[in-house]
Amino acid sequence: MSSSTGIGIANLPNQRHKIVAKQGAHFTIMVVGESGLGKTTLINTLFSTELSSAKDYRRRHVKQLDKLTEVEIIKAELEEKSFKVKLTVIDTPGFGDYVNNKDSWAPIIDFVDDQHELYMRQEQQPQREEKSDLRVHACLYFIRPTGHTLKPLDIEIMKRLGTRVNLIPVVAKADTLTQNDLALFKKRIRDVVNAQGIRIYTPPVETDDEQGAEHARILAAAMPFSIIGSTEDVTTLDGRVVKGREYLWGVAEVENENHCDFKKLRSLLIRTHMLDLINTTEDLHYENYRQQQMETRKYGEPKVKKLDNPKFKEEEEALRKRFTEQVKAEEARFRQWEQHLIAERDRLNKDLESAHSAIKQLEAELDALQVGYGRGSQRR
Ligand SMILES: Nc1nc2c(ncn2[C@@H]2O[C@H](COP(=O)(O)OP(=O)(O)OP(=O)(O)O)[C@@H](O)[C@H]2O)c(=O)[nH]1
Ligand SMILES: [Mg+2]
């Protein structure tokens with residue numbers, strides 16, 4: 001990292017910056033997207049370029065997303081002047097195609113919510129130890145470079161992510177599209193994002209800083225950032241050694257602004273907008289989560305789990321109602337049948353009684369006849 005292109009966050013005057021400057025910033029980036037779009041490669045590219053000087057660099061598999069997959073958490077410490085950033089990058093396993101794998105991405109949404117939840121719980125604790133904090137400050141969403149437009153799957157996930165985190169869409173593997181197709185693709189994506197009301201992170205345009213405002217405008221215009229990822233050193237036709245991907249026609253260069261927006265993205269993340277990403281996460285996304293949770297549950301109550309979500313609850317309620325109705329109908333039917341049986345028993349008993357008295361009557365008549373017959377035979 002050269003001193004002229006340092007983290008830059010150290011130069012920002014801001015209240016939170018002062019706090020952050022004393023304690024060091026915690027900054028968490030997460031990559032999300034379908035399988036094989038180059039998420040892991042992009043992280044490695046970041047670490048092999050700008051972040052190559054990172055101290056205390058660790059990778060580990062930690063948090064389980066579901067039974068089959070887990071996220072990889074990469075931690076690194078960056079330092080500029082005396083300014084420290086504890087960087088965490090969360091690499092998620094790619095989800096499959098929507099058709100075969102409906103909702104396979106749901107654990108990712110849950111993961112984001114869970115980090116807000118964990119932080120909120122810690123805030124509610126009286127003791128003030130250092131909080132563990134994996135709230136996501138920037139979520140890179142990888143879009144497959146089809147050249148067409150966003151898929152329904154993308155729209156669905158991006159909508160959900162956009163209301164929870166600073167969502168930064170990126171076009172994966174930009175080297176597989178021509179410059180014209182890429183420009184058209186990016187425009188179509190912007191149109192769909194607007195039409196669908198997907199919330200994406202937009203660098204704020206500060207009015208009191210003309211240079212910064214211009215930079216923010218350039219960044220906003222470049223969204224969604226096109227990405228080329230590679231950790232390979234290759235030699236260009238004009239003899240430069242760069243990170244890139246080699247083709248017969250030449251080299252697709254990671255850090256060439258005519259080839260892709262990797263530099264813009266990197267600059268936004270770890271130089272110019274890190275603090276804004278932290279601020280908006282705290283003030284907007286975390287605050288939203290906290291508010292929502294406060295409204296839907298009492299203080300200290302555990303989190304409403306997925307099975308308790310309103311949609312599921314509605315269905316469960318309807319099912320329970322239907323079941324209760326069925327049981328009631330069965331009970332009524334049984335009671336009717338029981339009454340019918342009792343009536344039948346009474347009727348039979350009465351029949352039995354009258355049969356009995358008829359028998360008794362006949363027996364008495366028989367006795368009387370026998371008595372008469374005996375007398376007669378005695379006479380004989
Ligand atoms: N053409 C091209 N290929 C790339 C690029 N980035 C990564 N790849 C290749 O794409 C393949 C998948 O890359 P990964 O980084 O493993 O993809 P991933 O998104 O992490 O995949 P999952 O972990 O399965 O979700 C590898 O063969 C990479 O070399 C790129 O910018 N351009
Ligand atoms: Mg990967």
Side-chain angles (χ1 to χ4, degrees), residues 28-51 58-75 88-101 103-109 111-112 136 138-147 151 153-154 157-158 161 167-179 181-183 185-186 189 222 224-234 236 242-266 269:
T28 302
I29 303 171
M30 179 162 92
V31 296
V32 173
E34 266 182 64
S35 200
L37 290 185
K39 298 182 293 296
T40 305
T41 307
L42 175 69
I43 293 170
N44 292 337
T45 309
L46 272 173
F47 279 100
S48 68
T49 58
E50 183 104 354
L51 305 179
R58 294 184 306 261
R59 303 184 81 114
R60 58 197 180 111
H61 288 272
V62 210
K63 168 92 186 179
Q64 225 178 1
L65 263 191
D66 60 42
K67 286 181 187 68
L68 297 172
T69 52
E70 53 186 17
V71 295
E72 184 174 19
I73 295 183
I74 304 123
K75 282 188 182 289
T88 305
V89 183
I90 302 172
D91 188 7
T92 66
F95 39 82
D97 192 72
Y98 191 48
V99 184
N100 309 313
N101 243 320
D103 290 0
S104 59
W105 43 267
I108 288 167
I109 308 281
F111 180 88
V112 170
V136 176
C139 176
L140 307 185
Y141 184 84
F142 282 64
I143 299 163
R144 188 177 290 281
T146 60
K151 297 191 289 184
L153 169 70
D154 296 321
I157 306 173
M158 286 170 79
L161 283 172
L167 176 64
I168 302 175
V170 302
V171 175
K173 303 186 181 180
D175 54 311
T176 62
L177 293 171
T178 66
Q179 284 302 316
D181 288 349
L182 179 62
F185 189 42
K186 282 172 68 162
I189 292 168
F225 298 118
S226 57
I227 296 298
I228 297 170
S230 171
T231 53
E232 304 269 302
D233 286 320
V234 293
T236 61
V242 296
K243 295 275 184 267
R245 307 186 78 91
E246 225 165 5
Y247 290 98
L248 285 174
W249 50 262
V251 168
E253 298 174 35
V254 170
E255 295 179 274
N256 185 330
E257 300 221 46
N258 294 322
H259 294 191
C260 74
D261 304 316
F262 174 81
K263 269 178 94 170
K264 287 196 183 78
L265 174 66
R266 186 181 61 191
L269 287 177

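Remember, it's 1-based here, ligands and their atoms both numbered in the order they're listed.
Remark: among candidates Glu232, Arg245, Glu72, the nearest residue to atom 5 (C) of ligand 1 is Arg245, based on non-hydrogen atoms.
Here's the thing with Gly38: one of its N/O atoms is less than 3.5 angstrom from an N/O atom of ligand 1. Considering backbone and side-chain atoms alike, Gly33 places every N or O at 3.5 Å or more from each N or O of ligand 1. For ligand 1, the polar-atom distance check finds an N/O of Thr41 within less than 3.5 Å of one of the ligand's N/O atoms. At a 3.5 angstrom cut-off on N or O pairs, Asp91 does not count as close to ligand 1. Here's the thing with Pro93: none of its N/O atoms is less than 3.5 angstrom from an N/O atom of ligand 1. Between Ser35 and ligand 1, a contact under 3.5 Å exists for at least one N or O pair.
Numbered from 1 in the order shown, with element, the atoms of ligand 1 that lie under 4.0 Å from a heavy atom of Tyr247 read 1 (N).
Checked against Glu255 for a side chain to side chain donor-acceptor pair (under 3.5 Å), the options Lys243, Lys263, Arg266 give a single hit: Arg266.
Rounded to the nearest 0.5 angstrom, Gln179 CD and His259 NE2 are separated by 7.0 Å.
Salt bridge annotation for Lys264-Glu257: present, with a cationic side-chain nitrogen under 4.0 angstrom from a carboxylate oxygen.
Around the Mg ion (ligand 2), protein N, O or S atoms at less than 2.8 Å comprise Thr40 OG1.
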